[in-house]
Amino acid sequence: MLPKAYNPQDTEDDIYKMWEENGVFKADSNTDKEPFTISMPPPNATGQLHLGHAVMLALEDIFIRYARMQGKEALWVPGTDHAAIATENVVISKIQKEEGIKRPREELGREEVLRRIQEFVSGSQSTIRSQIRKMGSSCDWSREAYTMDPSLSRCVNEVFNKMYGDELIYRGHRIVNWDPNLQTNVSDDEVEYETVKDPFYWFQYGPFQIGTVRPETKFGDKYVVMHPDDERYKEYKHGDTFECEWINGKVVATVIKDEAVDPEFGSGVMTITPWHDHTDFEIAERHGLEKQQIIDFDGKLLDCAYEFAGMHIKDAREKVIQKLDKKGLIIKVDESYEHAIAVNSRGKGKIEPQIREQWFIDVNRKAIPWNSETLSLKEVMQKVIREKNITIVPERFEKTYFHWIDNLRDWCISRQIWWGHRIPVWYKGDEKYVGVQPPDGDGWEQDSDTLDTWFSSAIWTWSTLIDKDKAQDMSLSLQDLLDQSPDFQKFHPTSVMETGYDILFFWVARMILMTTYATGQIPFETVYLHGMIRTRDGKKMSKSHPETCIDPLEIIPKYGADALRMSMIVGQSPGNDQKLFEEKIAGYRNFINKLWNASRFVLMQCEDAGVDPHNPVDSFGDLSLADRALLSALQDLIDDCAKGMNKYRLSETGEKLYSFTWDYFCDWYLEISKGQANHAVLIHTIRTILKLLHPYCPFVTEELWSQFKPLDASMLISDVWPVSDDSLRDQDSFNALQVVVDCISSVRKLRSEQSIEPGKTVQVQIFTKKFSKIISSEASSIQRLAKCEISIVGSTKELEKKNSVTAISKDIEICIPLEGLIDLDKEREKLEKEQKQLEGFLKGVMAKLNNKKFVDNAPAEVLEKEKAKKETAEGKLKKISERLSAMA
RNA sequence: GGGCAAUUAGCUCAGUUGGUUAGAGCGUUGCAUUGACAUUGCAGAGGUCACUGGUUCAAAUCCAGUAUUGCCCACCA
């Protein structure tokens with residue numbers, strides 16, 4: 001016998017082990033079955049699973065389990081990401097903290113640092129692996145991948161090489177977002193802005209007044225820029241020069257007219273620092289101006305600052321101001337100026353733009369053959385979405401996506417860190433070699449930079465499917481590798497890319513770009529974007545607020561993975577954030593337990609009746625009204641689930657399953673069936689519910705399945721998804737049961753209104769013509785559940801006199817009118833109103849159906865629906881007019 | 001500055017091409033409960049669907065505007 005309450009801790013690990021040992025997660029590339037593939041967004045190999053991962057794992061596992069039960073060849077590829085900057089950052093500061101080494105890179109050297117990082121990553125990976133298992137994720141561990149695996153690294157180099165060959169990758173001196181703390185540059189997308197308050201200084205610069213928050217960068221300024229249409233500065237011509245007193249003596253300045261200057265801001269004149277500012281850089285490029293480096297890569301001032309040289313910019317500001325003030329060049333200071341400063345999203349170091357030689361991907365060069373055209377990467381990215389080759393759920397993110405592409409600049413892919421894929425370019429003197437492998441001969445030195453971590457992530461859907469042995473054969477080209485990898489051939493393109501909307505740009509857009517370019521295949525059919533999980537106050541969950549922060553590793557032992565999964569799925573709609581708190585999880589724990597106990601009850605019933613719950617259900621025998629209604633509702637549930645799952649409406653489907661199981665099956669059917677159970681119906685229904693619920697809560701359903709599975713069946717995870725059976729559909733019985741339900745609840749209500757003692761049986765007269773048959777056949781159930789004795793009175797005459805629901809005597813006799821007790825005027829009014837509405841409705845539907853454009857364009861399904869609407873409305877209308885004329 | 005969204009019960013949220021009386025969970029109130037389950041059951045209270053107009057036989061749903069909140073992108077020295 002099962003224990004009274006479900007304890008997930010007793011079962012979950014064993015069940016996962018059973019699945020894994022039986023190889024049910026493992027997909028076969030050599031099969032005729034339709035493939036269904038998901039590439040798991042690889043967690044960073046830096047730490048622990050958090051709720052963001054948990055929601056991702058839950059969603060994807062539901063998709064995968066559903067597909068698997070539908071008989072598809074379901075493959076879910078797990079893996080981890082080396083997370084270049086994030087990981088290096090974590091390990092470096094760990095070394096600094098734990099070993100007191102101030103500059104680990106300098107002191108330990110490249111090899112040792114990489115070894116330390118690798119060590120850290122290995123530990124982290126095994127933690128993550130076990131955490132993914134805890135969630136019940138049915139991913140194919142035999143195909144586990146890591147962005148730094150040899151075969152994946154090979155793909156990285158192949159793609160780099162191909163792009164270089166197509167002149168889509170170039171090296172150039174550009175202004176980049178330099179982080180002096182981490183000694184690397186970061187991409188535009190990794191830059192965040194923080195609002196700070198800084199004094200805003202006004203200086204006299206020759207005849208002009210200029211404003212700045214950063215006087216410490218102004219040493220080299222020798223251009224003044226203004227808008228060409230600015231009337232105030234008409235007298236100054238582009239190219240005019242003048243001499244003026246500045247920080248370190250006199251300088252010669254040149255007037256530049258450029259439209260980038262906003263005449264409304266400040267005095268409409270500014271000086272520029274092209275080496276350290278994006279806008280200034282662009283202005284300087286346009287006019288061919290000199291660029292001078294003022295700040296070095298550590299954030300210290302260079303020689304051009306004379307007496308300030310070597311000083312950190314943080315300290316220089318005050319000193320520079322003092323000097324300018326002495327010279328009388330400061331006009332005024334605005335102390336409460338607010339502006340945004342750029343920081344690195346990794347580590348929050350302040351960004352100091354610098355000009356450096358970097359590797360870029362050219363997003364505008366037309367180099368990709370596409371049908372009959374040649375497109376740029378940007379255009380490819382736009383095209384696949386515009387032409388609906390990929391569906392984004394929810395759709396509105398398409399707009400955000402296009403907006404991002406419109407603003408997209410060339411992608412800087414080189415990073416000055418050590419952890420990651422080293423750029424596959426080698427130098428010897430002035431010679432340069434680009435290739436997948438190092439060049440032959442001595443004296444070649446590889447580029448010291450590594451690639452942006454998103455470069456390898458961008459090919460994740462397919463680099464993980466490349467045959468590992470084939471990848472060692474260097475004689476094969478990239479195309480050969482693709483052609484000769486069975487997994488790639490079978491499982492790519494993938495079916496769904498499920499991830500958080502926050503990495504739509506970082507990752508999803510780049511996968512579309514890189515994969516479509518490199519393989520000619522669009523990486524996925526659907527992008528499903530989930531929202532962030534927030535605390536009850538709507539704040540981001542972060543480790544700094546442990547009191548409101550929910551840690552899946554604490555929740556799972558307490559409530560079970562199933563409950564956690566359901567609490568994250570139900571109530572979450574794609575693309576929207578959700579608030580999660582413990583009470584909600586407890587609610588689903590209760591649901592799991594309810595399912596458990598319902599099963600326990602059914603098992604008891606079977607035992608009492610000597611029925612083996614493993615029996616096959618071939619026929620149901622005699623069906624009661626309740627049985628027929630239940631089976632009918634079950635068919636609708638099966639259809640709703642399939643529909644909901646196919647449309648990725650997981651929240652709605654989960655809710656339906658919840659309410660069917662609890663409200664209908666447990667609270668009604670099981671109550672009614674007490675004493676007169678149809679075991680075949682009970683077993684069939686439980687089995688169906690377990691199947692439908694399996695994707696949502698795999699552990700408890702698998703555990704219960706072992707109690708109910710037919711003798712020849714195996715594990716639930718690999719069982720077949722239910723299909724509805726129209727012969728079991730019985731709308732009349734379903735409606736009739738509603739009458740019985742109404743009847744019981746009316747009696748209960750009256751009992752409570754009349755304050756009748758709970759134990760006491762009451763007599764109830766039910767006046768009804770239409771439902772007398774149903775009620776008499778279900779009399780025993782009603783009497784038992786409502787604790788009453790009923791008598792059915794066929795005539796309504798007697799009741800009409802009373803004209804209301806009445807307790808004739810306080811505790812003896814109660815009348816329940818179900819029909820026949822009608823206020824004629826009210827009824828007529830109601831009917832007329834309904835008639836009017838229906839007529840209007842019909843008019844609308846007819847207009848649609850007569851509209852040729854609609855009929856021609858609408859999908860068959862929609863058309864059917866409209867026709868059905870029309871028919872039901874017509875039927876209703878007919879009935880109403882019949883009733884109305886009968887009343888008259 | 002540009003864009004995207006949200007506003008529904010005390011709280012958290014569903015509500016999909018406009019269609020009966022706007023739903024759920026939690027909380028709350030009353031009652032019940034000794035054989036599936038107190039991780040329970042039954043019943044109830046609680047809503048001007050942010051506001052103002054418009055379209056329609058019919059609007060939480062579509063349109064316009066207003067207010068508040070959140071997010072994304074860009075960024076001005």
Side-chain angles (χ1 to χ4, degrees), chain A residues 2 4-6 188-189 193 200 210-214 217-218 221 224-225 260-262 264-273 277-280 283 339-340 342 394 396-397 399-400 402-404 406-407 501-502 504-505 531-532 534 536 538 559 563 567 570-573 575-581 583-584 586-605 608 647 649 651-652 655 658-659 663 666-667 670-671 674 744-745 748-749 751-753 755 758-759 785-786 830 833-834 836-845 858-859 862 865 869 873 876:
Chain A
L2 300 174
K4 261 192 158 181
Y6 173 60
D188 293 340
D189 300 289
Y193 293 89
F200 191 83
I210 56 158
T212 184
V213 276
R214 303 205 60 191
T217 65
K218 295 290 171 198
D221 288 8
V224 283
V225 193
V261 180
D262 176 6
E264 304 291 317
F265 186 87
S267 60
V269 180
M270 63 178 190
T271 61
I272 57 169
T273 317
D277 185 279
H278 284 96
T279 318
D280 294 0
I283 293 171
H339 68 135
R396 68 183 143 92
F397 278 96
K399 275 189 190 166
T400 325
F402 286 125
H403 187 245
W404 177 79
D406 289 343
N407 289 311
Y501 66 76
D502 54 330
L504 176 64
F505 307 136
M532 308 295 111
R534 293 174 179 277
R536 192 193 280 282
Y559 297 101
S567 65
V570 180
Q572 155 136 102
S573 49
N576 292 327
D577 293 354
Q578 73 166 323
K579 295 172 189 171
L580 189 68
F581 33 91
E583 290 91 322
K584 192 174 172 189
Y588 288 98
R589 187 263 326 260
N590 296 356
F591 170 71
I592 304 283
N593 192 56
K594 188 76 183 173
L595 178 69
W596 180 263
N597 272 293
S599 308
R600 219 162 76 90
F601 175 69
V602 173
L603 286 175
M604 284 174 176
Q605 300 262 307
D608 290 350
K647 288 185 176 171
R649 307 180 69 88
S651 172
E652 200 184 311
E655 239 174 292
Y658 180 100
S659 102
D663 303 339
C666 294
D667 290 350
L670 288 187
E671 290 303 324
K674 274 177 185 168
I744 294 169
S745 94
R748 280 177 171 163
K749 201 170 161 185
R751 285 181 72 105
S752 99
E753 278 170 9
S755 314
L785 292 170
K830 206 178 142 196
K833 195 179 154 200
E834 203 176 333
K836 201 179 156 197
Q837 270 191 4
L838 275 169
E839 277 167 0
F841 175 54
L842 210 56
K843 210 172 95 187
V845 176
V862 174
K865 223 169 128 187
K869 270 188 192 172
K876 272 188 191 169

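Throughout, protein chains are lettered first and strands after them, A, B, ... in sequence-line order, and every chain is numbered starting at 1.
Rounded to an integer number of Å, the gap from CG of A:Leu504 to P of B:C71 is 18 Å. In this structure, CD of A:Gln605 is placed 9 Å from C1' of B:A36, rounded to the nearest angstrom. Atom CD in A:Glu583 sits roughly 13 Å away from atom P in B:C13 (whole-Å rounding). Counting to the nearest Å, the C1' atom of B:A24 and the NZ atom of A:Lys594 are 17 Å from each other. Atom CZ in A:Arg534 sits roughly 15 Å away from atom C1' in B:C13 (whole-Å rounding). Distance CE (A:Met532) to P (B:G70): 18 Å, rounded to an integer number of Å. At whole-Å resolution of the value, CG in A:Asn593 and C1' in B:G41 are 15 Å apart. Taking atom CZ of A:Phe397 as the reference point, atom C1' of B:G3 lies 12 Å away to the nearest angstrom.
A 3.5 Å limit on both hydrogen-bonding distances identifies no Watson-Crick or G-U partner for B:A77. As the counterpart of B:G65, B:C51 is assigned, both hydrogen-bonding distances of the Watson-Crick or G-U wobble pattern falling under 3.5 Å. Under the Watson-Crick or G-U wobble criterion, with both distances below 3.5 Å, B:C4 is paired with B:G70. If you check B:U56 for Watson-Crick or wobble pairing at under 3.5 angstrom, you find it has no partner at all. Using Watson-Crick or G-U wobble geometry with both donor-acceptor distances under 3.5 Å, B:G23 finds its partner in B:C13. Summarising the base pairing, B:U40 is matched to B:A32 through a Watson-Crick or G-U wobble pair whose two defining distances lie under 3.5 Å.
A:Lys579 has a side-chain polar atom (N or O) that falls below the 4.0 Å cut-off from OP1 or OP2 of B:U12. For the OP1/OP2 pair of B:A14 and a distance below 4.0 Å, the side-chain nitrogens and oxygens of A:Ser573 include at least one atom meeting the criterion. Note on A:Asn576: every side-chain N or O is 4.0 Å or more away from OP1 and OP2 of B:A5. Contact annotation: A:Lys4 side-chain N/O to B:U39 OP1/OP2 distance is not under 4.0 Å.
Here, B:C51 and B:U8 have their P atoms 10 Å apart, quoted to the whole Å. B:G46 and B:A6 have their P atoms separated by 29 Å, given to the nearest Å. When the C1' atom is used for both B:U55 and B:C13, the distance is 30 Å, rounded to whole Å. Across the C1' atoms, B:G3 and B:U12 are found 28 Å apart, a figure rounded to whole Å. Nucleotides B:G41 and B:G35 place their P atoms 16 Å apart, quoted to the nearest Å. Comparing B:G2 with B:U17, their P atoms sit 34 Å apart, to the nearest whole Å. To the nearest whole angstrom, the two P atoms, one in B:C31 and one in B:A36, are 25 Å apart. Across the C1' atoms, B:A14 and B:G47 are found 15 Å apart, a figure rounded to whole Å.
By the 4.5 Å heavy-atom criterion applied to side chains, A:Lys218 and A:Arg214 are not counted as neighbours. Using a 4.5 Å cut-off on side-chain heavy atoms (C-beta onward), A:Met532 and A:Tyr501 make contact. Residues A:Asp280 and A:Met270 form a side-chain contact, since some pair of their non-hydrogen atoms from C-beta on lies under 4.5 Å apart. Two residues are said to be in side-chain contact when any heavy atoms from C-beta on lie closer than 4.5 Å; A:Lys674 and A:Phe601 meet this criterion. Using a 4.5 Å cut-off on side-chain heavy atoms (C-beta onward), A:Glu671 and A:Ile744 make no contact.
The side-chain contact (heavy atoms from CB on, under 4.5 Å) check on A:Asp667 picks up A:Lys594, A:Trp662, A:Asp663, with sequence neighbours excluded.
Between A:Tyr588 and A:Tyr658, the distance separating the two ring centers is shorter than 6.0 angstrom.
Taking OG of A:Ser567 as the start and CD of A:Gln578 as the end, the distance is 7.5 Å to the nearest 0.5 Å. Residue A:Ile210 holds its CD1 atom at 3.5 Å from OG1 of A:Thr271, rounded to the nearest 0.5 Å.
Side-chain atoms of A:Glu655 lie closest to B:A24 of the nucleotides B:A24, B:A36, B:U39. For A:Asp667, the listed nucleotide lying nearest its side chain is B:G41; candidates were B:A36, B:G41, B:U39.
Within the nucleic acid shown, A:Arg396 comes within 4.0 Å of sugar-phosphate atoms alone, with no base atom in reach, counting heavy atoms only. Here A:Glu671 lies in heavy-atom contact (under 4.0 Å) with a base.
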| query | What does nucleotides 72-77 of chain B look like as a protein-contact string, B for base, S for sugar-phosphate only, - for none, at under 4.0 angstrom between heavy atoms? | reply | SS-BBB
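Mapping A:Leu670 and A:Phe581 onto RNA chain B by nearest heavy atom places A:Phe581 closer to the 5' end of the strand. The nearest heavy atom of RNA chain B to A:Gly571 and to A:Phe591 marks one nucleotide each, and the one closer to the 5' end goes with A:Gly571.
Looking at A:Lys584, its side chain has no donor and acceptor atom pair within 3.5 Å of the base of B:C26.
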Check nucleotides 44-46 of chain B for protein N or O atoms closer than 3.5 Å to its own N or O atoms and list the pairs.
none

